[in-house]
Number of protein chains: 2
Amino acid sequence: MRDSSYNIQKIAKSLGLSVTTVSRVISNQTEKYRISAKTAKIVRDFIEVHQIEPNEIARQLRMKSTKTIGLIVPDIANPFFSEIARSIENEARNNGYFVILGDSNDDQKLEEELVSLMQKRRVDGLIIAPVGKDSKTFKQLVSRNFPIVFVDRYFEELDGSYVSSSNYEGAVKATKFLIGNGHRNIACLQGLQGTSTNSNRVKGYLETLESGGLISDRNLVKGDSYSESDGYHNALILLKEFPQITAVLCLSNLIALGALRAIKELGKKVPEDISLITFDDQPYFQFFQSPLTTVAQQMSSIGTSAFQILLDHIVSENPFLKQKLLLDMPLIERESVRIIG
Amino acid sequence: MRDSSYNIQKIAKSLGLSVTTVSRVISNQTEKYRISAKTAKIVRDFIEVHQIEPNEIARQLRMKSTKTIGLIVPDIANPFFSEIARSIENEARNNGYFVILGDSNDDQKLEEELVSLMQKRRVDGLIIAPVGKDSKTFKQLVSRNFPIVFVDRYFEELDGSYVSSSNYEGAVKATKFLIGNGHRNIACLQGLQGTSTNSNRVKGYLETLESGGLISDRNLVKGDSYSESDGYHNALILLKEFPQITAVLCLSNLIALGALRAIKELGKKVPEDISLITFDDQPYFQFFQSPLTTVAQQMSSIGTSAFQILLDHIVSENPFLKQKLLLDMPLIERESVRIIG
DNA sequence: TTAGTTTGCACAAACGTTTGTGCAATACTT
DNA sequence: AAGTATTGCACAAACGTTTGTGCAAACTAA
């Protein structure tokens with residue numbers, strides 16, 4: 001007979017006890033405050049029978065802690081972020097925390113609004129995969145030492161904790177792989193410009209080309225969003241403009257999907273006409289016409305690490321110890337890269 | 001200079017006003033309570049300058065409304081659910097609501113715990129894609145008229161609102177399509193038994209076989225989870241045991257991935273050896289070796305409808321008006337079904 | 001038996017809002 | 001000028017917890 005109109009005051013009245021005592025039983029502080037085992041049992045039984053759920057909101061107000069964290073991602077429907085979200089939700093729940101979800105739709109304005117709303121909600125901390133072009137939304141938060149952890153994209157100029165992948169090395173690995181397979185004209189479909197992930201990946205790509213004795217042509221780098229449509233449009237442009245291209249490096253899973261759509265539309269085939277390698281491995285990539293070779297990110301590790309670091313910040317005595325974590329990016333070789341004589 | 005230590009009491013003191021007045025300005029009740037425009041402006045300017053964020057928790061306590069809904073899904077990393085989640089989050093935010101996320105991992109026990117936790121959190125309502133085998137977790141909620149909307153899976157025996165797809169018709173459509181292409185030995189890889197989605201789909205499949213003059217063999221229906229691994233294992237068993245099978249109907253996107261893995265492992269090809277059709281369209285299905293023919297669900301419509309219905313329940317004077325909505329399932333024809341002479 | 005100690009619980013303030021109502025001061029009316 | 005109406009704001013209770021402290025009653029010791 002669950003009755004949410006019951007609160008600990010009514011329990012107290014019903015049992016002829018004080019609110020104080022009931023509260024202390026519920027919060028398992030019986031020893032500390034010397035509540036007798038007998039009384040404790042009476043209270044617990046009563047709660048059990050009536051399925052009473054003490055008002056958490058009042059508790060939050062009094063304790064000044066909501067046991068809630070905010071999670072803001074650019075696109076929860078992107079499997080990369082939803083996988084991260086899953087592991088964060090799991091880790092949070094196992095530690096007694098709730099997760100409020102915000103989807104910024106890669107929109108800086110919306111992101112800022114979400115951050116503000118979550119501050120109002122008094123979340124204890126924030127995990128955010130920022131749009132990432134501009135750090136101004138977070139400058140104050142970080143300098144106030146508000147518990148916050150960035151995932152995926154982050155800001156070099158901000159002394160905040162983050163968890164991401166070793167994007168530079170990942171791009172190096174991918175580009176070397178293409179060069180090693182004989183490719184000389186390698187294009188790059190990039191993501192949102194000005195983001196740390198994009199900058200590092202493009203840098204890895206360009207520097208590897210140069211150190212491989214190839215000319216790195218910035219015209220072969222196109223795109224300005226991690227979306228499917230951006231990948232599609234820029235792949236079309238790129239492949240029409242530079243017919244000599246034999247390989248394309250895609251900087252995200254969605255970009256790769258867009259590129260594939262474009263390639264198909266142009267009547268070309270992977271890997272016969274165009275070789276393709278992409279960031280962000282997905283289980284289904286193995287079933288593609290040409291199973292995709294990828295540079296993978298460890299999504300669930302990113303999520304669990306991010307939460308653990310955030311938890312440190314929330315409970316820590318030393319809020320100045322920031323953690324910066326870059327996880328390894330394994331290259332997963334499939335069949336989308338052709339070996340050129 | 002954002003300072004969350006500011007609250008409306010301090011604003012009041014700083015401005016020489018009463019807390020009451022400040023509160024009324026903030027909540028835009030100036031006309032109702034006759035706060036002069038001049039005073040209102042003073043308060044608003046002060047808040048603007050100091051970037052003050054009034055304590056939402058206190059408001060929630062006083063108002064007995066959290067402007068928060070709970071969303072529980074079996075697997076947020078499944079694109080089907082993450083797409084729904086995205087549209088719900090969007091719709092919720094646009095209506096001033098927050099979304100607390102819970103991932104039940106298709107575990108009844110965990111689901112029940114999540115529901116209980118969210119009740120404690122005093123969410124104003126709940127949207128839940130239930131594990132769906134057993135309705136007992138929700139019986140009380142529904143009978144108490146707690147605002148709740150089921151999505152995807154639901155319970156016939158419960159008079160609760162739900163939004164799902166016309167699963168029966170979808171299965172009929174898919175099965176007819178296979179029969180129409182000459183298939184006579186059609187297997188079915190089902191999802192979690194006892195769930196509404198699964199029952200309706202299997203029913204549609206079996207009845208279509210029968211009405212098509214084919215024998216419906218229950219041995220050709222295997223599986224008990226919507227997961228990739230379940231699809232994989234049962235596809236292996238099924239294809240080994242019944243070599244006469246020419247087509248497989250998969251009841252979810254993940255099951256289809258598992259089936260594909262099994263088919264590949266057995267050295268067979270889609271659609272040459274095995275035709276395949278699956279529920280839950282995904283954008284990337286078009287890039288598969290054999291682009292998959294699917295029966296699609298309208299995820300974002302499911303999400304937005306679910307929230308709107310929930311909102312109705314939350315604000316409505318008439319909590320007894322339940323809505324049951326089944327959205328259309330279009331058949332998307334690609335190349336995974338072979339025409340048999 | 002009495003003084004000292006321990007046990008078991010209650011009082012009341014505090015967390016930061018919202019809101020019905022009351023009460024001055026000002027404005028309006030004739 | 002005096003009475004009435006209106007304007008502008010403040011008081012205080014309430015939402016339901018948590019917690020430092022106080023104070024009887026019960027137990028212990030001599």
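Labels below follow one simple rule: chain letters A, B, ... track the order of the sequence lines, proteins then strands, and each chain is numbered from 1.
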Can you tell me how far [atom2] of [N] sits from [atom1] of [X], to the nearest Å?
| X | N | atom1 | atom2 | value |
| --- | --- | --- | --- | --- |
| A/E31 | C/dT7 | CD | P | 13 Å |
| A/I47 | D/dT17 | CD1 | C1' | 13 Å |
| A/I8 | D/dG16 | CD1 | P | 11 Å |
| A/K67 | D/dT17 | NZ | P | 18 Å |
| A/Y6 | D/dT17 | OH | P | 13 Å |
| A/N28 | D/dT19 | CG | P | 13 Å |
| B/I52 | C/dG16 | CD1 | C1' | 13 Å |

Could you check whether [X] pairs with [Y] (Lys NZ or Arg NE/NH1/NH2 to Asp/Glu carboxylate O, under 4.0 Å)?
| X | Y | result |
| --- | --- | --- |
| A/K109 | A/E113 | no |
| A/D106 | A/R153 | yes |
| B/D159 | B/K324 | yes |
| A/D75 | B/R86 | yes |

Worksheet, complete the sentence: 5' to 3', nucleotides 8-15 of chain D under a 4.0 Å protein heavy-atom cut-off (B base, S sugar-phosphate only, - none) gives BBBBBBBB

Worksheet item: If we fit an axis to the first five pairs and another to the last five of the helix from C/dT1-D/dA30 to C/dT30-D/dA1, what angle do they make, to the nearest 10°?
Response: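 Comparing the axis at each end, I get an angle of 40°.
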
Fill in: Closest-nucleotide 5' rank along DNA chain C - winner of B/I57 and B/K32
B/I57

Discussion item. Testing the basics here: between B/S135 and B/E157, what is the closest heavy-atom pair and its distance to 0.1 Å?
Written reply: OG-OE2, 3.0 Å

Worksheet item: Are there more than 12 heavy atoms of other residues, nucleotides or ligands under 6.0 Å from atom CD of B/E48?
Response: no

Worksheet item: Would a 4.5 Å heavy-atom cut-off, applied to side chains only, mark B/P79 and A/P79 as touching?
Response: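 No, every pair of side-chain atoms sits at 4.5 Å or beyond.
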
Item to complete: Consider only side-chain N and O atoms of A/S23 and A/T20, and report whether a donor and an acceptor are under 3.5 Å apart.
Response: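 No, A/T20 and A/S23 have no side-chain donor paired with an acceptor closer than 3.5 Å.
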
Worksheet item: Does D/dT17 have OP1 or OP2 sitting under 4.0 Å from an N or O in the side chain of A/S23?
Response: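 Result: no.
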
Worksheet item: Base, sugar-phosphate, or nothing for A/Q29, non-hydrogen atoms under 4.0 angstrom?
Response: sugar-phosphate

Worksheet item: Hey, what's the ring geometry for B/H50 with B/Y6, parallel, tilted or perpendicular (30° and 60° as the breaks)?
Response: tilted

